[in-house]
Amino acid sequence: MDVLQAIKERRSINYFEPGKEISDGKIKELLETANLAPSSFNLQPWKVIVVREPKRKEVLKKCAFDQPKVEEASAVLIIIADPKGVEENRERMFDSWQKLGYMKPEMRDMYKGMTDNLYGTPDSLNRKFFAVKNAALFAMNLMIAAKGLGLETHPMDGFDSECVKKEFNIPADKIIPMLIAVGNLKSGITLLPRAFRRDIGEFVSFEAY
Ligand SMILES: Cc1cc2nc3c(=O)[nH]c(=O)nc-3n(C[C@H](O)[C@H](O)[C@H](O)COP(=O)(O)O)c2cc1C
């Protein structure tokens with residue numbers, strides 16, 4: 001599917017075909033494609049929990065204010081933003097840049113200092129912004145990739161974060177920007193037309209605010 005078509009046709013699907021399984025291969029392809037998302041200093045501060053087992057979906061549904069799509073979708077992905085992604089991924093990222101010729105070994109300390117300055121300490125607000133914005137880019141990439149793979153999605157922030165953390169053993173310092181339901185549109189369902197979008201003239205200006 002053409003990328004413009006995927007963007008234009010992506011919708012948040014409320015009704016998934018229940019009982020439709022999604023294979024390991026398809027989930028892998030979806031996640032590997034999404035993983036090509038850009039990120040700050042290529043630090044990729046995201047983690048994902050794939051929830052496919054009916055019993056686990058039931059638990060997640062309870063944390064998500066009983067939204068039926070959590071149970072009906074083939075899989076629900078818990079998207080996790082990791083403020084510690086800087087420390088976790090920085091050295092091997094620099095190794096890769098060095099090996100591929102993006103940077104010389106003597107630039108390593110300078111880049112390290114730049115990431116410290118830009119993204120602050122692991123518990124800072126800055127670091128939370130860093131983690132969430134990058135995880136959100138991953139999430140958007142995943143929703144577009146899903147269209148290309150013949151799948152539908154639905155992002156959700158209607159859930160109790162503490163409940164999800166507790167039930168899925170997610171450490172307290174992580175942030176969950178959204179859940180994404182993935183699957184196929186329930187047969188016989190016709191979507192309502194896409195709701196209004198603001199005219200771009202309302203929010204775009206040129207050269208200054
Ligand atoms: C971060 C995020 C969280 C959302 N949370 C929910 C949710 O919890 N429940 C829900 O029904 N829709 C949720 N939505 C879906 C939006 O309502 C939907 O994207 C919007 O109405 C535009 O529709 P479209 O995606 O079909 O273009 C969410 C969307 C985003 C991006």
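First listed ligand is number 1; within each ligand, the first listed atom is number 1.
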Fill in the blank from the handout: for atom 25 (O) of ligand 1, nearest protein heavy atom and its distance come out as Ser12 OG, 2.6 Å
Handout entry: Check: Pro177 N/O within less than 3.5 Å of ligand 1 N/O
Key = no
Handout entry: Cation-pi, Tyr111 ring and Arg90 (6.0 angstrom, 45 degrees)
Key = no
Practice task
Run the numbers for me: atoms of ligand 1, each under 4.0 Å from some heavy atom of Arg197, listed by number.
Solution key: 22 (C), 27 (O)
Problem - Within-cutoff protein neighbour (heavy atom, under 4.0 Å) for atom 21 (O) of ligand 1 - result: no
Handout entry: Heavy-atom donor-acceptor pair, Asp160 side chain to Ala64 backbone, under 3.5 Å
Key = no
Exercise for the section: Identify whether Tyr15 and Met156 are in the same connected component of the hydrophobic contact network (ILVMFWY, side-chain heavy atoms under 4.5 Å). Expected result: no
Problem - Asp123/Thr121 under side chain to side chain donor-acceptor pair (under 3.5 Å): CA gap, chis, key distance, verdict - result: CA-CA 6 Å; Asp123 57 348; Thr121 52; 3.0 Å; yes
Problem - Top protein contact for atom 5 (N) of ligand 1, by heavy-atom distance - result: Asp157 N, 2.8 Å
Problem - Within 6.0 Å of CG in Leu36, more than 12 heavy atoms from elsewhere - result: yes
Handout entry: Shortest protein contact, atom 13 (C) of ligand 1 (heavy atom only)
Key = Pro155 O, 3.2 Å
Completion exercise
For atom 9 (N) of ligand 1, the closest protein heavy atom turns out to be Gln67 OE1, 3.1 Å
Problem - Nearest-contact summary for atom 15 (C) of ligand 1 - protein heavy atom, Å - result: His154 NE2, 3.6 Å
Practice task
Examine Arg10 against ligand 1 and note whether any of their N/O atoms are separated by less than 3.5 Å.
Solution key: yes
Exercise for the section: Indicate whether the side chain of Asn42 and that of Trp97 have a donor and an acceptor atom separated by less than 3.5 Å. Expected result: no
Handout entry: Asn89 (side chain) donor-acceptor with Leu43 (main chain) under 3.5 angstrom
Key = yes
Problem - atom 8 (O) of ligand 1 - nearest protein heavy atom and its distance - result: Gly158 N, 2.9 Å
Exercise for the section: Could you list which atoms of ligand 1 come closer than 4.0 Å to a heavy atom of Arg194? Expected result: 24 (P), 27 (O)
Exercise for the section: Please identify which atoms of ligand 1 are closer than 4.0 Å to at least one heavy atom of Lys69. Expected result: 10 (C), 11 (O)
